[in-house]
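A quick write-up on the structure given underneath.
First the proteins, then the strands, lettered A, B, ... as listed; each starts at 1.
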There are 2 protein chains.
Amino acid sequence: MTSRRQAEARTAPLDAAAWVAGALEMLADGGIDAVRVEPLAKALGVTKGSFYWHFADRRALLDAMLARWSEGRIAAIRQQAERREPPEAVLRHLAALYTRHTNPRGLAIEIAIRSLARTDKPAAKAVRAVDEGRLRLVAALFGGLGWKPADAQARALLFYSYLFGESLLDTRAVDAQTRARAVETLLTPPR
Amino acid sequence: MTSRRQAEARTAPLDAAAWVAGALEMLADGGIDAVRVEPLAKALGVTKGSFYWHFADRRALLDAMLARWSEGRIAAIRQQAERREPPEAVLRHLAALYTRHTNPRGLAIEIAIRSLARTDKPAAKAVRAVDEGRLRLVAALFGGLGWKPADAQARALLFYSYLFGESLLDTRAVDAQTRARAVETLLTPPR
DNA sequence: ACCTGAACACCGTTCAAGT
DNA sequence: ACCTGAACACCGTTCAAGT
């Protein structure tokens with residue numbers, strides 16, 4: 001909650017990163033609509049005027065937010081790629097990460113940014129970079145499972161789109177057993 | 001574009017439905033952030049004050065928008081269910097509807113509403129109703145293809161989540177052949 | 001280098017008054 | 001029954017002035 005942050009006594013002067021972190025907090029809490037300069041300034045304990053020392057305008061804040069988001073997502077992909085485990089284990093790990101809905105904050109940010117990307121070029125560019133990285137990783141993992149390149153591509157698209165789409169459904173619309181069975185279908189080895 | 005609407009000479013008095021239609025237009029064009037009372041009033045050719053004769057506040061407009069959206073989606077499901085065609089043909093038709101990205105306006109509205117649903121109870125309720133209806137239909141179609149109930153459930157979740165997730169990816173991140181192959185994987189008949 | 005304070009424009013909301 | 005017009009609060013943006 002931003003109200004907590006508001007109560008904190010500010011000591012050091014703020015830098016751009018602090019504003020971006022606060023903006024992501026508000027994005028997670030209330031969507032793009034909630035990323036507002038004045039409430040953010042209040043949450044950080046300064047006047048809204050000081051915002052314009054760090055950023056040209058609200059748009060520049062959104063761009064900085066997008067940059068930080070895509071960098072973070074791509075770093076996370078790299079981390080998974082470096083795991084020294086069999087590909088099936090990594091895929092199961094990724095599936096669990098999404099389907100267990102263990103990170104609602106990250107998900108809220110992701111969906112808010114994808115909504116933005118519908119009408120916003122810079123957001124669309126950030127989303128595309130992240131999708132390409134994720135698809136490359138997952139395709140490599142399916143390749144490691146024995147699928148031929150074209151099939152590995154298709155399975156990767158299926159796997160990634162599934163996890164992503166499912167994470168946007170209301171959890172209670174589907175029982176856990178069905179979700180588990182869906183993942184198993186995707187992980188059946190090539191004959 | 002709303003600017004076109006703005007130019008139109010208004011003749012009959014407005015009703016709530018006209019405001020909701022305009023709001024959905026703005027939602028499609030610019031996301032939830034763009035659904036604003038004053039610009040909407042201007043687009044409809046009236047003063048913003050008159051908005052409050054039809055709705056208690058902006059929130060009430062959003063709720064009416066959500067209601068109209070979920071009713072429309074559920075009516076569309078019913079239409080598909082009434083087709084007198086083999087289940088595989090209906091599934092292929094549904095797949096084409098999504099993967100060909102032929103309805104960007106509907107998609108923009110859908111993603112904006114799902115973003116809202118992250119933090120907004122009424123939006124979450126509307127989304128859930130739509131998902132349940134769609135999953136029920138798709139599960140019935142897979143059942144018609146010869147899958148046992150539990151497998152039909154899992155395939156339905158896979159199919160629907162896939163189409164939905166894929167529609168949120170940047171199209172250019174994946175080639176058409178891979179997308180086609182992914183759908184074929186889902187439609188392989190039970191052995 | 002970073003922030004304040006005052007100013008102005010835009011939008012949400014209210015409401016008395018108009019037709 | 002539906003709309004206008006004026007009022008006020010809130011937020012984006014600017015900028016001169018402060019430390």
- Using a 4.0 Å heavy-atom cut-off across all strands, classify Ala16(A) as base, sugar-phosphate, or nothing. nothing
- Which dot-bracket notation, 5' to 3', represents the base pairing of DNA chain D when pairs are defined as Watson-Crick or G-U with both distances under 3.5 Å, crossing pairs as [ ], and inter-strand pairs as |? ||.|||||...|||||.||
- Task: Select one nucleotide: of dC3(D), dC11(C), dC3(C), the one nearest the side-chain heavy atoms of Ser50(A).
- Result: dC3(C)
- Message: The side chain of Pro13(A) is closest to which nucleotide in this list: dG12(D), dC3(D), dC2(C)?
- Response: dC2(C)
- Message: What is the separation between atom CG on Leu61(B) and atom C1' on dT13(C), rounded to the nearest whole Å?
- Response: 14 Å
- Query: Can you tell me how far C1' of dA1(C) sits from CZ of Phe55(A), to the nearest Å?
  - Reply: 15 Å
- May I have the distance from Glu38(B) (atom CD) to dG12(D) (atom C1'), rounded to whole angstrom? 14 Å
- Item | Distance, rounded to the nearest Å, where Lys48(B) contributes NZ and dC11(C) contributes C1' | 5 Å
- Message: Looking at Thr99(A) and Ala95(A), would you say the former's side chain and the latter's main chain have a donor-acceptor pair under 3.5 Å?
- Response: yes
- Roughly how many Å is it from CZ in Phe51(A) to C1' in dG5(C), rounded to a whole number? 18 Å
- Short question: side chain of Ser161(B), backbone of Leu157(B) - any donor-acceptor pair under 3.5 Å? yes
- Item | Spacing of Asp57(B) atom CG relative to dC11(C) atom C1', expressed in whole Å | 14 Å
- Message: Can you tell whether the side chains of Glu110(A) and Arg114(A) come within less than 4.0 Å, N to carboxylate O?
- Response: yes
- Look at Arg136(A) together with Asp131(A) and state whether they make a salt bridge at an N to O cut-off of under 4.0 Å. no
- For Ala41(A), answer base if it contacts any base atom (sugar-phosphate contacts may also be present), sugar-phosphate if it contacts only those atoms, and nothing otherwise; contact means non-hydrogen atoms under 4.0 Å. nothing
- Query: In terms of the nearest nucleotide of DNA chain D, which residue is placed more toward the 5' end: Thr47(B) or Arg58(A)?
  - Reply: Thr47(B)
- Please check the phosphate of dG12(C) (OP1 and OP2 only) for any side-chain N or O of Arg36(B) closer than 4.0 Å. yes
- Task: For the pair Trp19(B) and His54(B), name the ring-plane relationship: parallel under 30°, tilted 30 to 60°, perpendicular over 60°.
- Result: tilted
- Message: So, does His54(B) get its side chain near the phosphate of dC3(D), meaning an N or O under 4.0 Å from OP1 or OP2?
- Response: yes
- Message: So, does Tyr52(B) get its side chain near the phosphate of dT14(C), meaning an N or O under 4.0 Å from OP1 or OP2?
- Response: no
- Leu62(A) CG to dG12(D) C1': how many Å, rounded? 12 Å
- Message: The side chain of Val46(A) is closest to which nucleotide in this list: dG12(D), dT4(C), dC3(D)?
- Response: dT4(C)
- Side-chain donor-acceptor pair under 3.5 Å between Tyr98(B) and Asn103(B), yes or no? no
- Query: Taking CH2 from Trp19(A) and C1' from dT13(D), how many angstroms apart are they, rounded to a whole number?
  - Reply: 13 Å
- Query: Are the charged groups of Arg128(A) and Glu132(A) less than 4.0 angstrom apart, N to O?
  - Reply: yes
- Note on the structure: Residue pairs meeting salt bridge (Lys or Arg N to Asp or Glu O under 4.0 Å), one or both in residues 48-57 of chain B, sequence neighbours left out, come to Glu38(B)-Lys48(B)
- Note on the structure: Of Arg59(A) and Trp53(B), the one whose nearest nucleotide on DNA chain D sits closer to the 5' end is Trp53(B)
